[in-house]
Amino acid sequence: MNSTHLSTPAGDPDPTETTEWTEAFAALVAAQGPERARFVLDQLVRAANTAHIGWSPELATPYVNSIAVDQQGSFPGDLAIEEKLASLMRWNALAMVARANSAYGELGGHIASYASAADLFEVGFNHFFKGSRGGDLVFFQPHSAPGVYARAFLEGRLNEADLAHYRQEITAPAQGARGLSSYPHPWLMPDFWQFPTGSMGIGPISSIYHARFMRYLSHRQLQDCAGRKVWGVFGDGEMDEPESMSALTLASREKLDNLVWVVNCNLQRLDGPVRGNGRIIDELEKLFRGAGWNVIKLVWGSDWDGLFARDTTGALVKAFANTVDGQMQTFAAKDGRFNRDSFFGQNEELKKLAQGMTDEQIDRLKRGGHDIVKIHAAYAAAAKHQGQPTVILAHTKKGYGMGQAGQGKMTTHSQKKLDETALIEFRNRFNLPLTDAQAANLEFFKPAQDSAEMRYLIERRTQLGGYLPRRETAADVVPVPDLASYAAFATAAAGKEMSTTMAFVRMLGNLLKDKELGPRIVPIVADEARTFGMANLFKQVGIYSSVGQRYEPEDIGSVLSYREAMDGQILEEGISEAGAIASWTAAATSYSVHGLAMLPFYIYYSMFGFQRVGDAIWAAADQRSRGFLLGATSGRTTLGGEGLQHQDGTSHLVASTIPNCKAYDPAFAGEMAVIVDHGMREMLVEQKDIFYYVTLMNENYAQPDLPAGAEGDVIRGCYKFASYSRSSDEGYSLKSLKEITLLGSGAILTEVVKAAQLLVAQGVNVTVYSVTSWSELARDGRACQHRQMAGDASAPMPFIAQQLQGSAGPIIAATDYVCAVPESVRAFLPVGRSYLTLGTDGFGRSDTRAALRGYFGVDAASIVRAALEQLA
Ligand SMILES: Cc1ncc(C[n+]2csc(CCOP(=O)(O)OP(=O)(O)O)c2C)c(N)n1
């Protein structure tokens, strides 16, 4: 270290003294090495703290690489070949996007993101990302998908026709090709992509919880995940998402050294600079360091090493300290001449450094994230770091190599086409083996199979365990016990009073005791276990903690004592719905990611599910999650006092929009038990890529026995609960009676039943149906309709119409949800019957259940009124 780098700042009252201190420190480093220097600094910090001088260290370090040249180790690969390969990936990715857009301008796609990330990916692929089932998990920055396809093309996993059908998933099969999805979507490319990342922030938080879930599997001795890593490449703009940042301290608290993030700091997002007037790398360094991560800054490429070595005055570091990202972007967008004048021209010291370099050389000075050797050094350091997660802040240029057409341009994110001159410049820039015509025609290029590049690429992946991304699905079948063995109390409840939440928790407790299924269950809560009466499970199966329990809980000795344990089963995520759903997704995709089927039950306030973390649930659906979401305290009037922000009247509406989510609103414990049982069989035995959403209520009421033989109808969405009529010996002629049909779901079914009894007293015959799933009924109706429209003569009548055929009169539906939920089946009802829906549209508010139901018009009295009006 050269002490003169640290020239004393302006306003220093005693520069001589300051210099003495810095020189003494430099001498210490030189004589005794960094370890001793760190020790002495630690002692000084301790002394400062003891003296209460009010000092804390700066979290940001100078704008240079964290890994010094002499620490970076030698590069184990063939640099020339890797650079050639990276250039080919860049070209094919660019050609893919530009071709799609020259054919159909509306398809979109991105060139600039991958252009900035290509080397970051390539070093991972050639040296670090372990393939195969027991290998690494890699999260890809979504807009870089074309680069990942380009690699799969060279690997022989995709062909030219596939590449030509980028973003054309519907038309591709007719051309004998497979369409390539815009972003990583396991739903659309189930043997390829593992993790959906297209919605910014979902990838980052998801990667943390996947890394934590691997620890959970190891600690519970279900699968040894030692040695496996989770790698995530994300955007610097993406780091602004609350989800990106929200679980950083979880990762460090849990010491997730199996997690490495690479933040592609190209300094730009979609509209412009991420921090035009600041420096995103400094900001992220502070954020991650403060959150307890190991931070590796990968700022400058190898060709800067010489410049730094010659810079005895610290002029470069000083200049960078005064350069904000907006300016750094301008440097990226301009040529060598401009940079000589405006950057190196700032003062005599810098001018001197640039002497002897041509404008071309200045133009080619690489940022760290474009230098394969430097990237390798950073990844190697990250991979071996212990005790903390690592983030690599990789400085890159957006649109790297796109020249005047895009590099560093404000508009580069959306650049989808390049003109002929730009294509030829790109070809020249990366020494691509293409003729002018081939470049202009955007021809894909694949070297001969026996070329050095191809042999190298294949050999590297073979060494690392195979190609990736690759999604696998084979997993063992987990047997599900007989319903009667764990839920007889619910299906034959004999009028016992309980809430469906209580019934669910009791059932879960029973399932957890099952020898085979029990260990695979992952109960997840976000600090509401006590609300749902689950405290007994704390003791029964324990709360997972990577360090066990280092304190004596206040309630030790009680039967419900708070027990944390390394092999604890419950994932208690604290107050983070975003975290809990990411955790659920990790468990719900374990069948695919780890080949070990797990069954997560995440139970939460239903209002804080689809409404709060709906996009994360959408991504979980894309990832083909299998598990249960339990929306507890559901219903806008059933959760009385909690008011507007807590009362859920919409979750079923949103749930119905997710194609692989089966949503149920059971009224009774027996229905709920049948639904959960069926779900477990569909997911664990039949291994369908579906998940269940089941709402649970906190209202206690008498639970009837489930009618014999109703199970199938419960699953399909509705069954006849009861018919109510005055018996003929009371003197009524059945024919003269008016008839009405009432549908109800969830807790409001109890109001429907009360209404039926009141109506009978007024001489109306009533048939009551319990609707367990509006969305399943609607789905079935649409499926029947499609078949009919396609001219299928054997298309059945919609299930709900079949069920209601045995009833008569107007139909009225009442639920604790907005009217749109029961409205979803209107088109599929028997022809000629009137249909009225009663629901809880509007804001919730606090009061008793009775007052709320009266207010929203879903209580028995309102249903009776509506029925009499309909009959009139
Ligand atoms: C939740 C969400 N919001 C907005 C977008 C639209 N979007 C796509 S890319 C992008 C900018 C990404 O910038 P950055 O993370 O810096 O990545 P870069 O492409 O610059 O590498 C935006 C806003 C999105 N995909 N997801």
Side-chain angles (χ1 to χ4, degrees), residues 89-90 93-94 97 107-122 124 139-148 167 181-185 193 195-207 232-246 261-276 278-281 283-284 287-288 298 325-326 328-329 332-333 367-370 375 391-402 406-416 578 581-582 612-622:
M89 307 298 171
R90 286 175 194 287
L94 178 153
V97 176
L107 291 180
H110 304 86
I111 298 170
S113 299
Y114 178 70
S116 68
D119 301 296
L120 298 173
F121 285 125
E122 279 304 297
F139 286 72
F140 293 96
Q141 202 186 357
H143 300 79
S144 288
V148 182
R167 294 192 172 217
S181 60
S182 51
Y183 304 116
H185 291 302
W193 294 114
F195 307 108
T197 52
S199 176
M200 310 264 99
I202 303 272
I205 191 169
S206 190
S207 70
V233 181
F234 306 115
D236 48 358
E238 183 173 14
M239 286 302 115
D240 279 343
E241 288 285 1
E243 290 87 349
S244 303
M245 295 189 258
S246 67
W261 279 12
V262 181
V263 181
N264 174 13
C265 296
N266 57 30
L267 316 184
Q268 288 183 246
R269 46 182 162 71
L270 195 153
D271 288 339
V274 178
R275 294 286 183 276
R279 268 195 305 277
I280 188 65
I281 291 184
E283 190 180 319
L284 292 177
L287 172 74
F288 281 91
L298 169 57
D325 284 356
M328 202 66 91
Q329 183 193 330
R367 293 185 179 176
H370 298 306
I375 299 170
V391 63
I392 294 167
L393 303 174
H395 190 203
T396 61
K397 290 180 181 173
K398 193 148 179 173
Y400 183 61
M402 286 166 72
Q407 180 172 288
K409 299 273 186 229
M410 287 293 180
T411 52
T412 193
H413 189 88
S414 310
Q415 182 84 30
K416 303 168 200 331
I581 197 72
R612 177 78 187 221
V613 288
D615 195 30
I617 300 177
W618 185 249
D622 184 354

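Just follow the structure's listing: the first ligand is 1, and inside any ligand the first atom is 1.
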J.: Just jot down the salt bridge (Lys or Arg N to Asp or Glu O under 4.0 Å) partners of R90, sequence neighbours excluded, or say none.
T.: D119
J.: Residues in ring-ring contact (aromatic ring centres under 6.0 Å, His included) with H185, at least two apart?
T.: none
J.: Tell me the closest heavy-atom pair linking P184 and A145, and the distance in Å.
T.: CD-CB, 4.5 Å
J.: Please give me the minimum heavy-atom distance between M402 and I111, naming the atom from each residue.
T.: SD-CG2, 3.7 Å
J.: At less than 4.0 angstrom from any atom of ligand 1, which residues have a non-hydrogen atom? List them by chain and residue number.
T.: S113, Q141, H143, G198, S199, M200, G235, D236, G237, E238, E241, N264, N266, Q268, R269, L270, K398, H413
J.: Verify whether the ring centers belonging to H143 and Y114 lie closer than 6.0 Å.
T.: no
J.: In chain order, what residues pass the side chain to side chain contact (heavy atoms under 4.5 Å, CB included) check against Q329, with sequence neighbours excluded?
T.: Q268, P273, M410
